[in-house]
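Heads up: numbering here begins at 1 and tracks the sequence.
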Amino acid sequence: MSNLNGWGLTARLISKHFGTLGNRVSEAIANFDPETATEADRDRLADNLRSAAQKLAAARAAFDKEANDVVKLRQLIATDEQAAGTLAERLASGKILESTITLFCDELEGNKARLPQELQEEADARQYMDELQTIVDALSKQLSEFDAQAKKAMQALSSARAQQDLQQLRAERQAQLAGLQGMRGQSSALSALTRRAETIRNDAEGLRIVTDIGQKPLDQAAELEEIRKSVSQPALGGNESALARLQRLSGKPAEEPLALAKS
């Protein structure tokens, strides 16, 4: 499927965090075919999604703990840094032992040195949580797509089976009709006659098209000649002789008046 081209990163993250589980999910994604989807395929995807969701919940709790540890450590360092200014005065006045100050300074320096590590652990926990979120989102989308496309495949399969049943029924009915006396031959002859008539009609139509194409230039030439004659023909009544006018009005051919004149 073209919409699975972006699953490479997801498969890598799954394999990184889940090992064998990741391999199964990656294989399911690569071999996903909604036309052959089964309930077992769907159950495997749902199980993978539940497993990833559980790990995501644990990762969120781990991140919250790391984030809280960073917050508490920063607050402790800030408080101790503020207290350091007053401890110097108390040490000078003898109100606090030097060994206590030494212990205080050791703890403050140790906390400051530990802060980068805590920040790194918080960042790692966040990254792990974000990657798991990406995986859960991808698996959720995959499951939704699986359901939608499996539904379409099942509908197509049901439609195909219904069509198969219909055609089978038609074939059975045709076989029954063909079994009646004389029906097979008549049906075959009628079909052959119908096909022959259709072929002749097609041939005739083809000849008509060719004839129309050839007739068009002739019609155009005749029309052009008619235009030329109408232009070159003298106007009636202008130079028309009396005899020609009389012949025209009488509706008789030109030779009839001449014959009458001779007689």
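Residues N111 and L115 fail the side-chain proximity criterion, which asks for heavy atoms closer than 4.5 Å. Contact annotation: the side chain of E172 approaches that of Q168 to within less than 4.5 Å [non-hydrogen atoms, C-beta and beyond].
Q133 and D137 form a side-chain donor-acceptor contact under 3.5 Å, judged by distance and modelled atom types alone.
Once rounded to the nearest 0.5 Å, the distance linking CG of L108 with CG of L87 reads 10.0 Å. How far CG of D43 is from CG of N48: 11.0 Å, rounded to the nearest 0.5 Å. Note that the CG atom of D106 and the CZ atom of F104 stand 11.0 Å from one another [nearest 0.5 Å]. In this structure, CD in Q142 is found 13.5 Å from CD1 in I135, a value given to the nearest 0.5 Å. Taking CG of D124 as the start and CD of E121 as the end, the distance is 7.5 Å to the nearest 0.5 Å.
For the pair L49 and S140, the tightest heavy-atom approach, listed with the atom from each and the gap, is CD1-N, 3.8 Å. When all heavy atoms of P217 and I213 are compared, the closest pair comes out as CD-O, 3.1 Å.
Formation of a donor-acceptor pair under 3.5 Å by the T102 side chain with backbone atoms of E98 is found in this model.
Around CD of Q167, the count of heavy atoms belonging to other residues, nucleotides or ligands within 6.0 Å exceeds 12.
Scanning for salt bridge (Lys or Arg N to Asp or Glu O under 4.0 Å) contacts around D69 gives K65, with sequence neighbours left out. E205 pairs by the salt bridge (Lys or Arg N to Asp or Glu O under 4.0 Å) definition with R208, not counting sequence neighbours. Taking A62 as the reference, nothing meets the side chain to side chain contact (heavy atoms under 4.5 Å, CB included) condition, with sequence neighbours excluded. Listed by chain and residue number, F63, E122 satisfy the side chain to side chain contact (heavy atoms under 4.5 Å, CB included) test with A67 (two or more places apart in sequence, or in another chain). For E118, the salt bridge (Lys or Arg N to Asp or Glu O under 4.0 Å) partners are R114, not counting sequence neighbours.
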Please table the atom pairs, donor to acceptor, closer than 3.5 Å between any side-chain atom in residues 74-82 and protein atoms at least two apart or in another chain.
residue: T79; atom: OG1; partner: Q75; partner atom: O; Å: 2.9
residue: E81; atom: OE2; partner: K112; partner atom: NZ; Å: 2.9

